[in-house]
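The structure appears right after this line, and notes come after that.
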2 protein chains.
Amino acid sequence: MGRRKIEITEVKDPNTKQVTFSKRRTGLFKKANELSILCKAEVAIVVFSPGNKPYSFGHPSVDVVAEKFLQYPKSNVAKSNDVQGNIPSDDIGNMDSLNLQLSQLQAQLREEQKKAGELDKRLKQQHSQNLECQHNAKDYFDAIQVSEYMLLLAKEPVVGKITKKR
Amino acid sequence: MGRRKIEITEVKDPNTKQVTFSKRRTGLFKKANELSILCKAEVAIVVFSPGNKPYSFGHPSVDVVAEKFLQYPKSNVAKSNDVQGNIPSDDIGNMDSLNLQLSQLQAQLREEQKKAGELDKRLKQQHSQNLECQHNAKDYFDAIQVSEYMLLLAKEPVVGKITKKR
DNA sequence: CCCCCTATCTATAACAA
DNA sequence: TTTGTTATAGATAGGGG
């Protein structure tokens with residue numbers, strides 16, 4: 001597509017590589033945009049440049065398409081199945097579906113947060129319980145030392161003499 | 001690029017649309033592949049067909065690139081969303097806004113679920129710790145009883161004096 | 001990094017299978 | 001849904017600002 005045909009292999013010259021990247025990335029995004037319009041398709045592209053900078057294209061947005069993709073059962077990705085796609089592409093323009101999903105998700109989120117909050121609370125309770133228990137255990141342990149010492153004293157009474165009683 | 005020039009607007013004929021999608025998707029992925037090789041760039045593409053079926057291209061893989069992208073601070077990402085469409089621009093804003101909210105919520109949900117999972121795990125760990133501690137405490141406690149009893153025994157036989165039993 | 005130019009190479013529209 | 005053919009529209013390599 002240019003003055004000369006090029007081999008599809010890594011471009012060595014850094015400057016040329018950068019120029020090539022810039023031009024081809026633009027072209028790629030343009031093609032993606034055309035595809036999304038011509039076919040009413042959802043498209044998401046993420047590219048990291050040789051300099052490791054991210055560029056993205058998305059219709060309707062990278063996030064939406066990525067989410068949808070992530071939710072897809074991996075085993076079905078290359079095959080035909082539309083069982084649980086949550087946004088029928090025909091619904092673009094109909095925001096009721098989106099709003100419904102939004103409110104459902106928000107409810108779910110609240111539940112999760114509540115759940116997490118309760119778990120956290122229980123964790124803290126249990127932790128203090130744990131501390132208390134450890135404290136008690138230490139007291140008991142100390143008490144044992146005292147008792148054993150008393151025992152010794154009791155066995156070796158006033159006359160600190162011979163009492164090798166076992 | 002064909003026998004005739006075409007307008008970039010939704011293809012009406014379903015059959016033509018399907019053919020166009022198939023060919024252009026192939027072309028898009030080919031371009032993406034060339035880009036990734038020529039520039040040693042990481043590329044990920046996800047496309048949903050008019051029939052809502054997912055297709056993807058990734059170098060080294062969709063997941064790797066997506067993961068990297070998601071971890072990037074959003075403010076620094078150069079984004080290029082769709083430029084033109086046949087949807088009234090009023091709606092595009094709203095749709096995008098809704099879609100963005102949706103995806104953000106979903107991401108948040110995933111985080112919450114992960115968090116809850118970890119909390120639960122820690123709760124269980126702590127619980128077993130707790131049980132162990134209580135067990136120890138009981139052992140100590142029993143040991144005290146024994147010691148005290150021994151103390152009594154030690155005191156009473158030798159000198160029948162003080163027997164403040166009980 | 002951007003834009004311009006243009007000779008050349010590539011993708012693809014329409015049609016057919 | 002995909003493949004092949006062919007005429008043509010579109011993308012781009014190389015070079016210059």
Side-chain angles (χ1 to χ4, degrees), chain A residues 1-43 45-57 59 72 75-83 85 88-90, chain B residues 1-43 45-57 59 72 75-80 82-86:
Chain A
M1 281 149 126
R3 290 302 182 93
R4 289 182 195 165
K5 177 174 182 174
I6 60 169
E7 292 299 316
I8 301 302
T9 183
E10 185 182 354
V11 176
K12 290 308 174 188
D13 179 54
N15 189 48
T16 302
K17 180 190 279 187
Q18 173 53 45
V19 173
T20 297
F21 176 78
S22 183
K23 287 188 172 182
R24 279 179 174 264
R25 174 177 51 73
T26 302
L28 187 70
F29 286 5
K30 184 179 179 184
K31 289 286 191 189
N33 186 47
E34 293 182 352
L35 179 61
S36 72
I37 295 172
L38 287 168
C39 306
K40 248 191 160 62
E42 293 175 286
V43 183
I45 304 183
V46 171
V47 183
F48 283 89
S49 72
N52 225 31
K53 291 179 185 177
Y55 296 83
S56 68
F57 167 87
H59 173 88
Y72 237 90
S75 53
N76 290 338
V77 167
K79 298 200 71 180
S80 59
N81 199 334
D82 57 351
V83 175
S89 56
D90 292 339
Chain B
M1 279 146 125
R3 291 299 183 94
R4 291 184 195 165
K5 177 174 182 172
I6 62 168
E7 294 300 317
I8 302 302
T9 183
E10 184 181 355
V11 175
K12 290 306 175 189
D13 179 55
N15 190 50
T16 302
K17 180 191 276 188
Q18 171 54 42
V19 173
T20 296
F21 177 80
S22 181
K23 289 191 171 183
R24 278 180 174 262
R25 173 177 51 73
T26 302
L28 188 70
F29 286 4
K30 184 179 178 185
K31 289 286 190 188
N33 186 46
E34 292 181 352
L35 179 61
S36 71
I37 296 175
L38 287 169
C39 306
K40 249 191 159 60
E42 294 176 287
V43 183
I45 304 182
V46 171
V47 183
F48 284 89
S49 74
N52 223 31
K53 295 173 189 174
Y55 296 84
S56 66
F57 167 88
H59 175 89
Y72 233 91
S75 51
N76 293 335
V77 179
K79 282 198 170 184
S80 168
D82 61 321
V83 187
Q84 43 183 315
N86 45 10

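Naming convention: chains lettered A, B, ... in sequence-line order (proteins, then strands); numbering from 1 in each chain. Only a predicted model underlies this, so the values are computations on that prediction, with no experimental measurement involved. All values below come from the heavy atoms of this structure, side chains included, with hydrogens, waters and symmetry mates left out.
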Hey, does the side-chain of [X] have a donor or acceptor N/O within less than 3.5 Å of a partner on the base of [N]?
| X | N | answer |
| --- | --- | --- |
| B:Arg3 | D:dT6 | yes |
| A:Lys31 | D:dG10 | no |
| A:Lys30 | D:dG10 | no |

Whole-Å gap separating P (D:dT12) and CG (A:Leu28) =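 Rounded to whole Å, this separation is 9 Å.
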task = Would you please confirm or rule out a distance under 4.0 Å between OP1 or OP2 of D:dT1 and any side-chain N or O of B:Ser22?
result = no
inquiry  = Here's a test of your reading of the structure: between B:Arg25 and B:Leu38, which maps to the more 5' nucleotide of DNA chain D?
reply    =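 Mapping each residue to its closest nucleotide by heavy atoms, the 5'-most match is B:Arg25.
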message = Assuming nearest nucleotide by heavy-atom distance, tell me which of B:Val19 and B:Glu34 is located more 5' along DNA chain C.
response =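 Result: B:Glu34.
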request  = Please determine, for the side chain of B:Ile6, which listed nucleotide (D:dG10, C:dC4, C:dA13) has the closest atom?
outcome  = C:dA13
Proximal nucleotide (of D:dG14, C:dT12, D:dT2) relative to the B:Met1 side chain =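 That would be C:dT12.
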Taking every non-hydrogen atom, the tightest pair across [X] and [Y]:
| X | Y | answer |
| --- | --- | --- |
| B:Ala32 | A:Leu28 | N-CD1, 3.7 Å |
| B:Val47 | A:Leu35 | CG1-CD2, 4.2 Å |
| B:Glu42 | A:Asn52 | OE1-OD1, 4.1 Å |

